[in-house]
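A short worksheet on the structure shown next.
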2 protein chains.
Amino acid sequence: MNGAAGPGYDPYAFEPFAVTVDLAVFTVRGGALHVLLIRRGQEPYAGSWALPGGFVLPRESAEAAARRELAEETGLPEHIVAALHLEQLRTYSEPDRDPRMRVVSVAFTALVPDLPEPAAEGGGDAVQARWLPLGEAPDLAFDHAVILADARERVRSKLEYTCLATAFCPPEFTLGELLAVYETVWDTVLDRPNFRRKVLTTPGFVEAVPGAARLTGGRGKPAALYRAGPATALHPPLLRPEGPPR
Amino acid sequence: MNGAAGPGYDPYAFEPFAVTVDLAVFTVRGGALHVLLIRRGQEPYAGSWALPGGFVLPRESAEAAARRELAEETGLPEHIVAALHLEQLRTYSEPDRDPRMRVVSVAFTALVPDLPEPAAEGGGDAVQARWLPLGEAPDLAFDHAVILADARERVRSKLEYTCLATAFCPPEFTLGELLAVYETVWDTVLDRPNFRRKVLTTPGFVEAVPGAARLTGGRGKPAALYRAGPATALHPPLLRPEGPPR
DNA sequence: TCCTTTAATAGTCACTGTGACTATAAACAG
DNA sequence: CTGTTTATAGTCACAGTGACTATTAAAGGA
């Protein structure tokens, strides 16, 4: 910025802006992409579902605020929130997006594995946090439906050219589970052997856990276990099929 | 956002934030990638170079502010600014990025052709706007060096999987000029026939101008002219070479 | 025990896109 | 006319992928 004709040094020269963060946290559960939502306890939109988030404090970056709000508002365990891969999505700044005052919101996206605890009660406040499948997501407060749609599209395309799909998996997983992540997020069906070949020939995408295998729910040949590798980019990309099969 | 324990309805409950926009506007000129910079007339950083930008007004979105500031601060013609493809880069929110007060800045990126006028004087204010090559960019005010580096990397990767390179070209251009854009932005050398084949076989990347040709500065065979096509994405992408040749 | 089902794993084949390279065409300078 | 420069045309081999077939290792039922 630069104050050619700006307010100079007086912080109160303009009606102040509030700056908030909003989070679109995704997981894959039971063949459906889920998003973490909270139920609002206050006006406006009291009783509505919304993305978790909140105000950025005066001495805090947006990234720090996102992590703090996520820990406060949702029941996500500390170590999960601290290690989480948070990515800025974009900033939403339409003048009337909040009826109370001028609020500019920095939106973030995060991917987490299917957590055992279904996001318990929030930390003291009367907020209720829940995983809801995207298919049956209710109306959301503010412009959160737009943010959620943007975040979903970002995640879908990120799977194409990054190794982020493993973020949806537990520390050790089978290639069948990784395949299920892709099929769920893209809502498509992939060829199993070709998917295998692509993942295994991409250096650093996954690393075999020596000797380990897991029975896949009782039926079928036991699958080998893998861990996420050090690679982050997928060169060349793994493109999703065009036409809408499935 | 949502005010579980937030400031509720009192806009003055917190020390206010200012929200600004910063623009990284690029062009290709004389074999070098250039960025549009202004020289600051005010403290802090008076006399330093900075990215163009300024405060978001109370009833204005960040996108609108970016377009307005660009028109006000730089000598860019109206119709250029109005038609410009502006893309959000990301938002910078570190608490001390501005010594005066808490300022959160939404950064944008734009690509323009090499304009005949080298960005004349700003609109009345004593700001001086100039195109400077990235190689010899001076120290920048605030965290603008970081923003500029992020924007440059965004542009470099955007050329891989979008058709945006034509935004650097005049309305009608030769494939040699388009090639020069890629070679300049990526700082590499590409194989001419292969580049041709890629561009011409990608539907909608460019459209031939029937019968038109241009003598390429006197020497060599005249080149056919093309216009930007309707396509925006490049599937499959045109990947830059890995090792640093040239 | 044998046979069927299920899912993982192995391998084959053709096609597409690309990197590297050679050849021809059309302008200008001397 | 000859050499230089740049645009354009075409060739060849190889990597990556889509579509497909085959084999292996487990569970469950007859």
Find the distance [X]:[atom1] to [N]:[atom2] and express it as a whole number of Å.
{"X": "A/Leu190", "N": "D/dG18", "atom1": "CG", "atom2": "P", "result": "9 Å"}
{"X": "A/Leu238", "N": "D/dT17", "atom1": "CG", "atom2": "P", "result": "8 Å"}
{"X": "B/Arg240", "N": "C/dG19", "atom1": "CZ", "atom2": "P", "result": "14 Å"}
{"X": "A/Asn194", "N": "C/dT9", "atom1": "CG", "atom2": "C1'", "result": "13 Å"}
{"X": "A/Phe195", "N": "D/dA19", "atom1": "CZ", "atom2": "C1'", "result": "17 Å"}
{"X": "A/Leu175", "N": "D/dT24", "atom1": "CG", "atom2": "P", "result": "20 Å"}
{"X": "B/Arg219", "N": "C/dA26", "atom1": "CZ", "atom2": "C1'", "result": "14 Å"}

Sugar-phosphate, base or nothing in reach of A/Pro236, heavy atoms under 4.0 Å: sugar-phosphate
Of the listed nucleotides C/dA10, D/dT6, C/dT22, the one nearest the side chain of B/Lys221: D/dT6
Closest nucleotide among C/dA26, D/dA19, C/dT9 to the A/Asp191 side chain: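 Of C/dA26, D/dA19, C/dT9, D/dA19 is nearest to the side chain of A/Asp191.
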A/Ala151: partners by side-chain contact (heavy atoms from CB on, under 4.5 Å), with sequence neighbours left out: A/Ala24, A/Phe26, A/Leu89, A/Thr109
Partner residues of B/Ser61 under the side-chain contact (heavy atoms from CB on, under 4.5 Å) criterion, sequence neighbours left out: A/Ser93, A/Glu94, A/Pro95, B/Glu63, B/Ala64
Pairs flagged by ring-ring contact (aromatic ring centres under 6.0 Å, His included) wherever residues 188-213 of chain B is involved - sequence neighbours left out: B/Tyr182-B/Phe195
Strand-adjacent residues in residues 196-208 of chain A, judged by heavy atoms under 4.0 Å from DNA chain C: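 Heavy-atom contacts with DNA chain C come from A/Arg196, A/Arg197.
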Between A/Asp150 and A/Tyr92, a side-chain donor and acceptor under 3.5 Å: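 Checked: A/Asp150/A/Tyr92 side chains pair up, N/O donor to acceptor below 3.5 Å.
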Along DNA chain D (nearest heavy atom to each residue), the more 5'-positioned of B/Leu179 and A/Leu239: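 Checking each residue's closest nucleotide, the 5'-ward one belongs to B/Leu179.
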Straight-line distance of B/Trp49 CH2 to B/His144 NE2, nearest 0.5 Å: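 Going from CH2 on B/Trp49 over to NE2 on B/His144, the span is 14.0 Å.
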side-chain hydrogen bond (donor to acceptor under 3.5 Å, both in side chains) against B/Glu172, all qualifying residues, sequence neighbours excluded: B/Arg227
A/Arg240: partners by side-chain hydrogen bond (donor to acceptor under 3.5 Å, both in side chains), with sequence neighbours left out: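 With neighbours one apart ignored, the set is A/Glu153, A/Glu160.
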